[in-house]
Visitor: 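Would you mind keeping the following structure in view while I ask a few things?
Sequence lines set the chain letters: A, B, ... in the order given, protein chains first and strands last, and positions in each chain run from 1.
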Amino acid sequence: MDHPVQTDFLRWIVLFPLLGAAVNGLLGARIQDRWGERAVALVACAPVSLSFLFSLWAFGRLLALPAKERFLIDAFYTWIPMGSFSVDVAFWVDPLSAIMILVVSGIGGLIHFYSIGYMHGDRSLWRYFAYLNLFTFSMLLLVTGDNLLLMFVGWEGVGLCSWALIGFWYHDHTNTRAGNKAFIVNRIGDFGFVLGIFLLYWTLAGQGHGTLAFREIQEHVGLLADIQLWGIGVATLVTFLLFIGATGKSAQIPLYVWLPDAMQGPTPVSALIHAATMVTAGVYMIARLNELFSAAPATLGLIAVIGAATALFAATIAVTQNDIKRVLAYSTISQLGYMFLAMGVAAYTAGVFHLLTHAFFKACLFLGSGSIIHAMQGEQDMRQMGGLRKAMPATFWTFTIGVLAIAGTPFLAGFFSKDAILWQAWASHNEVLWGVAVFVAGLTAFYMFRQFFMVFFGECRADHHVRDHLHESPKIMTWPLWILAAGSVVVGYIGLPPFMGANLLDGWLDPVIHLPHGEHHSVAEEVGVMSVSIAAAVAGVAIAWFLYYLRTPSRDDSPEAKGVAYRVLYNKYYVDEVYQFVFVGGTLLLARIGAAFDRYIIDTIVDGSAKVTTIVSWFNGLFDKYVVDMLVNAVANVTFAVGNNFRRVQTGNINSYLYVVVGAVVVALIVKLRYWN
Amino acid sequence: MDLGNVASLSLFYPEIVLAGTIILLTILDLVVANKRAMAYLGLAGCLVALVATVDLYGTESTLLFHRMVALDNFSLFFKVVTLAALVGAIWMSIGSGEVRQVHLGEYYIVLLTCGFGMFFMASANNLLMAYLGLELVSLTSYILTGMLPHNRRSAEAALKYLIYGGVASGTMIYGMSWVFGMAGSLDYAAINAAMGEAGGNQVALFMAFVFILAGFGYKMAFAPFHMWSPDVYQGAPTPFTGFLSVASNAAGVAILIRFFYPAVSTLGQEGSWAFQAFPALQWTDLLVALSIITMTWGNLSALNQRNVKRLLAYSGIAHAGYIMMGLVVLNNDGLNAMLFYVVVYLIMNLGAFLVVMIVANATGREDMDAYRGLAWRGAAFPAVCMMVFLASLTGLPPLAGFIGKFLLVAAIIEGQFYLLAVVAMINTVISLYYYWRIVKTMFLDEPAPEDGPVAATASAVPLLGALAVLTLVLGVYWAPLLDYTTGSLGFFMQ
Amino acid sequence: MTEHVLSYMVFFPLAGMLIVLCLPRDRHDLIRWVSAAATVPPLLLGIGLYVNFDTTTTGMQFVQRAAWIPAFNIEYYVGVDGLSVSMVLLTALLSFLCIFASWNIDKGVKGYFALFLLLDTGMTGVFVALDFVLFYVFWEVMLLPMYFLIGIWGGPRKEYAAIKFFLYTLLGSVLMLVAILALYFYSEPNTFDMTKLMDRSNLYSTEPLGMWPFNVWGWGFQHVVWMALFIGFAIKIPAFPFHTWLPDAHVEAPTAISVILAGILLKMGTYGILRINYPMLPEATADLAFWFLAALGAWNIVYGGLCAMAQTDMKKLVAYSSVSHMGYVMLGMAAFNTQGINGAVLQMFNHGTITAMLFLLVGVIYDRAHHRDIDGFGGLAGIMPVYAGFTALAFFASMGLPGLSGFVSEVLVLLGAWPKYHALTIIAALGIVITAGYMLWMMQRVYLGPPNEKYRDLPEINGREIFTLFPLGVIVVVVGVYPRVVLDLLQASLNNINQMVISHLS
Amino acid sequence: MAEYVALLADVGLKHYLVVSGILFALGIYIVLTRRNAISILLGVELILNSAGLNYVAFSHFSTGQVDGQIYTVFIIMLAASEAAIGLAIVLAIYQLFATIDVEATETLKD
């Protein structure tokens with residue numbers, strides 16, 4: 001850790017996708033016109049594949065190093081040198097970011113390939129791939145940037161690409177609105193994030209170590225210990241502000257609202273951005289700064305509560321949704337809640353573990369749903385589906401693996417990672433949170449199997465046009481599914497519970513994640529806790545079996561016919577409506593007030609558009625024809641009015657002129673006698 | 001150095017030349033049929049007098065005719081200004097359609113006589129001489145104002161001017177009589193000496209000075225003694241209005257400075273040019289007040305003015321207020337700035353009236369509507385020149401008017417009259433509005449269908465160009481003029 | 001050569017103007033090309049200036065001085081330091097580009113280009129002048145051409161906008177003149193030499209004046225002069241509540257003039273504060289910065305942003321976004337640390353390039369559709385993709401997206417402001433949300449959504465327009481990725497200016 | 001008679017000044033209140049003559065020189081020329097306006 005290995009190839013992991021984006025972004029339209037989709041796809045997929053290879057190389061280099069020295073850095077150039085504040089463009093790979101670059105470039109690469117099939121025939125394919133590459137670049141920058149500001153660059157970059165991709169089919173305002181919502185909600189999070197950066201930097205600077213580089217932050221966390229701002233520990237405040245950023249990016253309460261709407265984007269985008277990579281940025285950030293967060297127990301508590309609450313909240317909503325992607329979206333939010341719960345109980349490794357497994361099975365599920373939507377000719381309503389298992393065997397089987405994995409079927413990836421989190425929650429004596437998490441595990445199993453049954457079993461409820469054209473997706477789309485499904489099975493084995501074998505992940509992350517040493521627990525306790533969650537999952541599956549397998553859902557199943565609770569859930573607790581009214585409406589109201597203030601008040605003061613009778617100066621009382629109105633302060637009006645009155649003195653009558661002369665002399669005399677003697 | 005009557009004549013030749021021209025014109029008027037020739041003769045006489053004046057410049061300061069008239073650089077400076085204004089006015093008159101209606105012979109004779117009177121206003125060293133000069137200018141002005149035949153405007157203006165002028169000068173000499181009574185002499189130096197010993201009724205003295213100020217103020221057109229000026233400006237023939245606006249103002253400045261400095265101020269330490277007012281006469285305060293009232297009144301009244309000549313009259317009042325600022329600081333810098341401003345004002349205001357005349361010649365109108373889209377009606381050159389003059393009147397760099405204002409404001413800030421400075425500056429902003437309404441009308445408004453093309457009067461164009469160039473040049477390189485005005489302050493002799 | 005380089009930069013356009021005035025009225029293309037040629041030498045000299053600029057020294061460089069009016073000790077004195085050189089470069093570049101942006105002016109071509117070149121001289125002059133009188137003269141020289149450029153070639157309410165601009169600016173500048181003269185007479189020996197006045201910054205008294213209300217506020221001579229200068233500059237910035245001339249002027253002005261207004265003229269306000277108020281009146285600066293720079297700046301950011309959100313006219317929206325973005329400059333310079341002050345000047349530069357792009361882009365669409373109603377378009381991205389691409393770049397830069405220039409300066413400003421003003425920084429940081437709001441909303445309404453049938457045949461952005469946009473786009477990206485190209489110029493001089501004030505902070 | 005002569009011998013500067021002051025005030029009153037142009041001109045004459053009286057009185061009582069008398073002569077002369085010009089103008093006014101009431105001559109205003 002103390003002797004980072006200097007390299008100069010890490011930059012290429014990040015820059016390859018940027019090159020791809022640049023080529024496609026600037027020349028893509030011509031390339032697509034002249035050489036067709038394949039050329040565009042090649043320009044996009046090649047850099048990501050290269051990135052993946054370079055990532056493997058970096059991973060290999062790390063493996064070759066002794067555990068304590070696994071740390072590669074590639075300092076590119078100094079970005080902003082500003083006195084004590086100096087930010088480098090430098091990339092680093094340590095065990096944590098190594099996992100991330102593999103996930104991002106690996107799963108990202110698969111999704112690139114999948115997109116070739118999915119997006120086939122789109123005239124703007126070049127634009128799609130440019131965005132996708134740009135996203136990959138930003139995400140890689142986010143995970144490899146060696147300081148907070150560089151991470152923030154990636155952080156904003158992924159937000160931008162998310163915006164662009166959600167609104168990819170921009171002819172429909174539903175999509176562009178969803179994109180804007182995502183961006184702006186994320187910006188609210190960023191607002192906290194940048195403030196957190198500032199506070200952190202200046203507090204450290206006050207201690208003589210102003211820095212934003214992660215390695216140095218970790219080193220100097222201790223300096224924050226006794227410093228307070230507004231009566232709150234700085235560490236708590238900083239982590240709180242950074243966590244606000246994380247709630248935006250990782251769709252936690254209260255800033256989760258953008259993610260369900262983000263499903264307006266093409267489905268591979270949902271898989272890549274809104275399931276596997278971008279939304280996990282917040283989790284990654286906390287893991288990255290785990291020492292800092294560990295120093296702020298209050299924030300951790302908050303994170304745990306928010307995480308558990310989000311998990312529960314989103315899961316309950318997912319139970320009623322009929323849109324195939326929305327179910328997955330809420331499921332994602334819920335799973336992210338798990339990860340935050342893990343972070344909150346300081347089980348960083350468990351959180352990262354779940355991040356990793358979730359990336360596989362959720363990507364698998366999303367791509368599978370994409371395949372289904374593809375086959376259904378764009379239909380996303382599950383009430384219109386059913387019985388698809390026969391028409392789409394590959395999709396069916398991979399989807400099944402994904403569902404089993406997320407539902408927590410023993411010995412699949414999701415089981416191990418979720419169980420690790422549940423166990424940590426239990427072990428850290430957060431029994432209530434544990435209880436919630438177990439309940440959510442049951443709900444997860446329920447809604448996933450609900451989806452599974454509604455989509456693949458029973459009779460096909462689609463109309464005959466669609467039914468007659470049901471088909472399996474092309475190879476280019478199915479083989480990524482198989483790879484991901486395989487991953488969903490095997491990835492879990494790197495993080496076995498202690499009583500089942502060596503936990504590879506713990507060991508791998510040990511140099512960068514400093515876990516508090518927990519108390520020892522008996523194997524029996526662990527097994528017992530595990531059994532409870534398995535039981536919950538089984539219960540969930542069983543209920544789904546009863547409700548959705550045995551009773552075929554109707555294609556006109558209307559939520560309005562259901563009870564109040566169902567409607568509340570179906571309408572997502574009306575949070576969107578409340579937000580729309582309070583925040584969007586409020587801001588617009590403020591904006592209009594501001595503009596009106598400008599137009600009417602300030603301008604009135606200045607150039608006096610108000611028609612009012614104005615002041616007459618005391619001066620020309622003799623010729624006064626006006627009513628005095630002391631309330632008027634329209635400067636120009638007064639000026640003009642006074643000017644007119646001055647002019648009015650000029651009556652054209654010579655006697656009155658002479659009155660002025662005599663009057664002036666008299667006034668002078670009075671002044672002389674009264675004041676100047 | 002005091003000279004007797006005969007000895008004085010050798011230093012009196014500019015006046016002699018001018019007087020000779022006047023007499024010659026009077027005789028010629030009886031015999032010559034071509035009255036246009038009179039204009040050229042008058043012009044020639046003025047130019048010769050100008051050469052003579054410039055020739056005298058730098059002569060040792062001398063009192064002529066038994067201390068009645070002062071010959072010093074200060075008076076010579078104002079004589080040059082007067083002559084320049086005369087030259088400009090005659091040149092304008094040659095091209096003016098209005099002037100063509102009047103009896104040209106008399107017109108030029110009276111105009112030159114008016115200028116002749118101003119010579120004495122600038123050089124008077126005695127209350128009697130000051131009165132005579134002032135009255136000579138007044139009487140000729142009444143005549144010139146009322147000269148347009150069968151013109152109600154002109155006659156009405158003349159009547160008002162006459163009555164107003166009569167009352168003002170009557171008040172003035174009444175005040176002067178009190179000064180005479182208290183000081184026992186009409187000579188400025190003697191008055192100063194008597195004042196220095198103090199004594200007498202302070203209130204009476206103050207009132208006497210206020211009365212005198214009324215007379216001078218009417219000449220210089222500062223508030224509240226300005227009320228004649230808009231009417232007269234509007235009624236009088238335009239070339240004479242132009243002359244009046246600059247020369248009358250200048251002569252007023254001259255007589256004011258001459259009276260207030262050598263007569264009623266004490267010189268500070270030797271050579272320091274710092275003055276102190278006599279304690280009984282709070283005329284610093286008085287002048288600050290008058291200056292503020294004048295510029296504000298003038299500017300505010302001009303705001304909604306539709307008649308351009310009238311507008312320029314109010315602007316002239318405002319400028320009188322600006323010029324007065326130089327008087328309050330009681331030092332060389334203030335006077336210097338005043339003198340500088342007088343020259344600058346001469347150039348730009350004469351130019352503005354020249355354009356008014358050109359438009360009036362072509363359209364017969366003086367209201368703002370006659371200027372609609374002037375730049376696009378074949379009179380781009382006069383329009384651009386007008387814009388330059390108006391910008392200069394506003395005080396925008398790099399034009400001469402800015403430098404004038406700059407020097408004035410510099411002087412009062414040096415004297416720490418910050419309030420006055422701020423008021424003056426705000427007035428500048430107000431003035432922008434009405435000046436710029438003319439510019440807007442000329443450039444931004446589209447000409448209406450009934451607005452015919454405007455042909456610039458051929459004879460006026462060279463003068464117009466010269467004045468515009470001077471406005472620009474003096475805005476960029478003004479050191480020579482400043483040197484000249486500095487040199488012209490040599491009148492403080494005992 | 002190096003001695004005269006600044007003078008050449010200032011007076012080349014003036015020479016161009018004289019040549020243009022001599023050309024026949026109807027040879028439109030000739031006039032345009034001559035005007036363009038007149039702006040090329042300043043640009044090339046500017047590049048030379050950039051290359052030869054010594055970034056290590058704090059003093060004035062490329063100095064030229066000559067006596068002008070000896071009686072008042074007025075000199076022709078020009079020179080640049082890090083602060084001004086960036087502005088001079090911006091001026092040279094934007095002037096050059098704006099000639100091309102003005103190519104389609106076909107009414108009174110001769111007058112337009114002559115006035116434009118005069119304006120160019122004035123602008124460059126302001127940034128290089130080191131003598132107060134010279135500074136003031138150049139400052140005012142810009143007014144006249146600006147008035148006509150808006151008033152003759154502007155939109156429907158051009159006359160109102162032009163006179164409003166003129167009146168506001170003149171009000172500011174006359175107060176400035178009073179302040180300049182006060183400084184002059186207070187200095188001993190009297191001088192208009194700005195560098196000398198900077199060196200003697202402790203000269204001006206801060207003893208509270210006896211006069212009401214200054215005795216209540218505890219304001220001394222220095223504070224009053226500071227305020228007089230500040231009002232003059234605040235009108236140019238434009239700071240609330242002196243900003244209402246800006247939306248009107250921007251909306252009515254022709255495209256190129258909006259660019260010049262927003263890109264360069266606004267900068268003169270903040271430039272003046274940094275050049276004059278900071279070094280010459282440091283104690284007053286330290287005392288008054290909180291309310292008049294920091295608080296007002298934060299207020300500008302939020303207020304301008306909210307106002308922008310309510311607009312339906314694209315140009316007005318961009319105009320208000322300028323109000324908002326100039327707030328960052330004020331906040332940053334009030335931070336009194338390296339990050340803040342450098343961020344502020346970088347923001348000046350960045351805002352110059354970004355807003356220039358925005359106005360050019362609005363101009364492109366206005367030329368085609370003849371209106372700028374945000375709700376009157378839709379789906380332009382599909383109709384004019386290249387145009388939409390440039391727009392996206394400019395919008396994102398304006399939103400402060402990382403990797404583009406706006407981000408660096410905004411982060412530096414906020415970072416700098418944080419240690420001194422926590423609450424204000426939080427308020428100001430709200431700006432990043434608000435900016436995203438109105439920019440994205442406008443983008444959505446104009447460029448995205450179903451294409452408006454009425455505009456289906458709008459021609460794509462043409463070569464000339466791309467020529468004006470491309471250099472700015474490159475700068476926006478380069479400065480975002482490698483901000484040192486500008487920051488290195490600034491640091492030495494700005495830190496020096498900053499140091500002068502810091503010692504007076506309580 | 002003798003007492004009248006004695007009384008006259010007591011007449012000093014003050015009396016003259018009072019008389020001239022009254023004259024001046026009367027003149028001012030006239031110019032302020034009369035509408036007839038000729039009357040106003042008469043008022044102006046009164047003002048001028050009040051000043052003339054002052055000069056003579058001051059000259060006689062305080063300086064003992066003839067400056068004041070000379071001044072008065074000039075005043076009388078200038079008053080005459082002013083009256084001449086004034087009457088000419090009034091005549092022109094009468095021709096053009098058919099009245100010499102100054103309330104009729106108010107076309108120039110504002």
Visitor: Any idea which of Lys160(B), Arg306(B), Gln305(B) has the most non-hydrogen atom pairs under 4.5 angstrom with chain D?
Guide: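 Greatest number of close heavy-atom pairs with chain D: Lys160(B).
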Visitor: Below 4.5 Å, heavy-atom pairs only: which of Arg153(B), His150(B), Met176(B) has the largest tally toward chain D?
Guide: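 Max contact count across the listed options: Met176(B).
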Visitor: Chain D: which of Ser177(B), Gly184(B), Ser185(B), Gly165(B) shares the most heavy-atom pairs with it under 4.5 Å?
Guide: Ser177(B)
Visitor: More than 12 foreign heavy atoms under 6.0 Å from OH of Tyr16(D): is that the case here?
Guide: no
Visitor: Below 4.5 Å from any heavy atom of chain D, which atoms of Thr171(B) appear? Answer side chain, backbone, both or neither.
Guide: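 Thr171(B) touches chain D through backbone and side-chain heavy atoms alike.
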Visitor: Is the centre of the Tyr71(D) ring less than 6.0 Å from the centre of the Tyr131(B) ring?
Guide: yes
Visitor: What part of Ile75(D) gets closer than 4.5 Å to chain B, counting heavy atoms only: side chain, backbone, both or neither?
Guide: both
Visitor: Contact part of Tyr161(B) toward chain D, heavy-atom cut-off under 4.5 Å: side chain, backbone, both or neither?
Guide: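 Contact with chain D involves no heavy atom of Tyr161(B) at all.
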Visitor: Quick one: closest heavy-atom pair of Ile85(D) and Ile143(B), and the distance?
Guide: CD1-CD1, 3.8 Å
Visitor: Hey, what do you get for CG (Leu48(D)) to CE (Met172(B)), rounding to the nearest 0.5 Å?
Guide: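 Interatomic distance, Leu48(D) CG to Met172(B) CE, rounded to 0.5 Å: 10.0 Å.
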Visitor: Working to the nearest 0.5 Å, report the span between CD1 of Ile47(D) and CD1 of Ile173(B).
Guide: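 Rounded to the nearest 0.5 Å, the CD1-CD1 separation comes to 9.5 Å.
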Visitor: What's the spacing between Leu186(B) CG and Gln65(D) CD if we round to 0.5 Å?
Guide: 9.5 Å
Visitor: Atom CG in Asn151(B), atom CG in Leu96(D): separation rounded to 0.5 Å?
Guide: 7.5 Å
Visitor: Under 4.5 Å from any heavy atom of chain B, what part of Tyr55(D) do you find: side chain, backbone, both or neither?
Guide: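 For Tyr55(D), the contact with chain B is made by backbone and side chain together.
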Visitor: Within the structure provided, determine whether Leu128(B) and Asp67(D) are in side-chain contact (heavy-atom separation under 4.5 Å).
Guide: no
Visitor: Chain B heavy atoms under 4.5 Å from Ser62(D): which part of the residue, side chain, backbone, both or neither?
Guide: side chain
Visitor: Determine, step by step, whether Ile100(D) and Leu159(B) satisfy the side-chain contact (heavy atoms from CB on, under 4.5 Å) criterion, reporting the C-alpha distance in whole Å, the side-chain angles of both residues, the deciding distance to 0.1 Å, and the verdict.
Guide: CA-CA 10 Å; Ile100(D) 52 169; Leu159(B) 179 66; over 6 Å; no
Visitor: Yes or no on side-chain contact (heavy atoms from CB on, under 4.5 Å) for Ile89(D) and Thr145(B), after CA distance, side-chain angles and deciding distance?
Guide: CA-CA 10 Å; Ile89(D) 291 171; Thr145(B) 305; over 6 Å; no
Visitor: With a 4.5 angstrom heavy-atom cut-off, which part of Leu108(D) approaches chain B: side chain, backbone, both or neither?
Guide: both
Visitor: Look at Gly43(D), Ala92(D), Ala37(D), Ser50(D) and state which one has the largest set of heavy-atom pairs under 4.5 Å with chain B.
Guide: Ser50(D)
Visitor: Can you measure from CG (Leu41(D)) to CG (Leu162(B)) and round to the nearest 0.5 angstrom?
Guide: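 Atom-to-atom, Leu41(D):CG and Leu162(B):CG are 5.5 Å apart.
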Visitor: What's the separation between atom OH in Tyr174(B) and atom CG in Asn54(D), rounded to the nearest 0.5 Å?
Guide: 5.0 Å
Visitor: Quick check on Ala183(B) against chain D: is it the side chain, the backbone, both or neither that has a heavy atom closer than 4.5 Å?
Guide: neither
